[in-house]
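Here is the naming used below: chain letters follow the sequence lines, and residue numbers restart at 1 for every chain. Heavy atoms only: backbone and side chains are in, while hydrogens, waters and symmetry mates are out. What you see is a predicted model; the values in this text were computed from it and never measured.
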Amino acid sequence: MIASFADPGQKTAPAPFGHALVKAAQENDKIVGLTADLGKYTDMHIFAQAYPERFFQMGMAEQLLFGAAAGMAQTGLIPFASTYSVFAARRAYDFLCLDAAEPNLNVNIVGGLPGLTTGYGPSHQATEDMAIFRGMPNLTIVDPCDSVDIEQAVPQLAASEGPTYLRLLRGNVPTVLDEYGYTFELGKAKVLRDGADVVLVSSGLMTMRALQAAKDLAVHNVDVAVVHTPTIKPFDAETVLTEINTDRLIVTLENHTVIGGLFETVAAEVVKAGLGKRIVPIALPDEFLHAGALPTLHERYGLSLDRIINTVLSELEV
Amino acid sequence: MTLTSSIQSPEATAARTERVEAAAYRIRHYALNMGEVQGQGYVGQALGAAEMFAVVYADQLRYRAEDPEWEARDRFLLSTGHYAIGHYAALAEAGIVPVAELDSYGSDDSRLPMSGMSTYTPGMEISGGSLGHGLTIAVGTALGLRYQGSEARVYNFLSDGELDEGSTWEAAMGAHHHQLGNLTAMVDINALQADGKTDTVLRTEPVADKWAACGWFVQRVDGNDMGALLAAFDAAAAQAAPEGRPSVILCDTKVGRGVPLLENREKAHFMRIEEHEWQICREQLTAGYEGETK
């Protein structure tokens, strides 16, 4: 049973990455898929079934996976290579950095289980993947919120030059952003709703929580804006700083350690712009997290809806 | 296409050997000249592997000197970026890099940095140097070429030190699994790495058995014996098939080969050579080459 962060009864789409890759591959015969013994667990199996001759199993060998992806890209192909984020970021960094990023090849890294999306413990929880990857020149980092983001991101990742990293949400992935007149644009942040009291700047699955929190906080007469920043690098500072440069409470929300992710990305832009704003981070703590049930862990580490609402209310001293 | 030795006359074989040996001599000469620019470097490895570079560029590889990115070219991947000095010499011998440009080796703004970088040098397919990368990339290159219907071959040059790296064995298994008959690996076995002799750093023998266990077509030769090298490459090509076994040619070489002054240096991995010694090296190289060819 794949752990899911979807709420009971929530609208979801099955394996949006796999289906989006098949669709992109229909239009571009240069697209190929690779995995390191995790095809079924990164939704790559959908592509493998549709295009068996364009799918390459590399075995549980992440260095080979990304070195080979770079080699394929050198021959003009557009590889999407999937594994878990921990193995891509921690185990194969040197191969991604030197083989794909330094020559700026179109290698697309697809990392399952980003941040806290499994209760398996630190071996599988990539709580620091963005911190690791943000330092890699040329690499584009995308932290999608839902199935809409993923479906729209995949063809744009294929079309963009240079390497990309997609923080993959897999299995039955919530569908949320369709209600907001939203389209994913690589490198762009989007204001999903406006609000007079609070601005939530979020990425990844935390945008889903931010939108729900905004609805619930309205009951408390708190008017909340939500800015979704699916591209972490290069970061759309212009859109985000425009929203931050007001008297509203600013909160960042990310499914990642508080070190080196969205909070520090936003904080750096604020300091560079000389805005002198206080930002409240909602993020995972700088520690190795416990194993356990995912809802319990999200509650414990502050990512649950209730914890977000409480954090905002206490900051507002309502 | 390469002619196999079985259909060559003895005269043709001798002429071929002589031609490639002359290329190896020039590669050594270029490497010494470049080494002098910096006063130090991996000169010993370039000298030791000169026959390997020469076989590839003067006999095996299909390329266009005026168009290093020609789509149908065979790929030569230098996994050991440290050996760049030898590769630059070979690229000069091949006419891909002008001989005069070798004088810029390792200097500011040069296209020839001390460690091989694909983004700097025409004809350099990958950025090596962090060891154990080349064969993984080669697997993808071979897969990508075959998938696109190309008949180009992929050659990957690695050193015995790289056999320490687990990624090499990931790639060895992957190449066999995917039946990459279009891939040939060549390993420079000089039995020496940064901290000392290979058998004291991390024992890699029996090397041939390990490759064979991974399903490769294995040959082990004296890498400084041109005749043996050519025969090994011919045999590798003869057994190659699009969905066949990858080949590895294990080449036992001697660091500093061809220059007696350097062959017996105790500190041979990264050589420091005195200013006055470079000319002696060149003279010893030429004397040895002419002695052998007379």
Side-chain angles (χ1 to χ4, degrees), chain A residues 25 28-37 51-81 83 87-88 91-109 136-138 161-163, chain B residues 69 71-77 79 81 113 115-121 124-150 152-154 156 158 162 165-180 182-183 214:
Chain A
N28 188 340
D29 65 3
K30 297 292 183 191
I31 290 175
V32 293
L34 301 82
T35 195
D37 194 29
Y51 288 108
E53 74 286 1
R54 292 163 72 169
F55 168 71
F56 301 91
Q57 175 61 262
M58 288 295 144
M60 204 191 311
E62 292 77 18
Q63 300 173 105
L64 171 62
L65 172 73
F66 292 114
M72 293 183 117
Q74 280 184 341
T75 70
L77 297 174
I78 303 173
F80 281 73
T83 179
F87 306 136
R91 197 156 193 151
Y93 183 91
D94 195 32
F95 290 74
L96 290 167
C97 190
L98 288 174
D99 303 350
E102 196 277 329
N104 203 30
L105 295 170
N106 191 348
V107 170
N108 301 284
I109 308 155
M136 189 186 291
N138 289 341
E161 287 182 18
Chain B
E69 295 187 15
E71 209 172 296
R73 73 191 183 281
D74 291 333
R75 270 66 166 181
F76 176 81
L77 277 53
S79 188
S115 187
M117 298 285 292
S118 62
T119 45
Y120 283 54
T121 314
M124 188 71 75
E125 302 280 0
I126 65 167
S127 298
S130 179
L131 298 174
H133 283 236
L135 198 59
T136 70
I137 301 172
V139 166
T141 307
L143 275 172
L145 290 170
R146 187 175 69 190
Y147 168 72
Q148 294 173 96
S150 170
R153 293 190 56 79
V154 179
N156 185 59
L158 60 163
E162 290 193 281
E165 297 281 1
S167 54
T168 297
W169 301 105
E170 290 184 14
M173 286 191 285
H176 172 245
H177 176 79
H178 289 286
Q179 298 180 283
L180 297 177
N182 57 346
L183 173 61
C214 288

How far does [atom1] of [X] sit from [atom2] of [Y], to the nearest 0.5 angstrom?
X	Y	atom1	atom2	value
E170(B)	M60(A)	CD	CE	10.5 Å
T75(A)	E125(B)	OG1	CD	11.0 Å
L77(B)	Q74(A)	CG	CD	6.5 Å
L135(B)	Q63(A)	CG	CD	12.0 Å

- In terms of heavy-atom contacts, does CD of E53(A) have more than 12 from other residues, nucleotides or ligands at under 6.0 Å? yes
- Message: I'd like to know whether CZ of R91(A) has more than 12 heavy-atom contacts from other residues, nucleotides or ligands below 6.0 angstrom.
- Response: no
- Task: Considering only heavy atoms and a distance below 4.5 Å, find which of A138(B), G134(B), G140(B), S130(B) pairs most often with chain A.
- Result: G140(B)
- Item | Among the listed options I126(B), I137(B), T119(B), the residue most often paired with chain A at heavy-atom distances under 4.5 Å | I137(B)
Below 3.5 Å, can you tabulate the donor-acceptor pairs from side chains in residues 172-180 of chain B to any protein atom, sequence neighbours excluded?
{"from": "H176(B)", "atom 1": "ND1", "to": "C214(B)", "atom 2": "O", "distance (Å)": "3.4"}
{"from": "H178(B)", "atom 1": "NE2", "to": "Q57(A)", "atom 2": "O", "distance (Å)": "2.8"}

- If you look at every heavy atom in G67(A) and T136(B), which pair is closest and at what distance? CA-OG1, 3.3 Å
- Query: Any idea which heavy atoms bring Y147(B) and V32(A) closest together, and the distance?
  - Reply: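 The answer is CE2-CG1, 4.1 Å.
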- Query: Relative to chain A, which segment of S167(B) carries a heavy atom at a distance below 4.5 Å: side chain, backbone, both, or neither?
  - Reply: both
- Is the shortest heavy-atom distance from the side chain of E102(A) to the side chain of M117(B) under 4.5 Å? yes
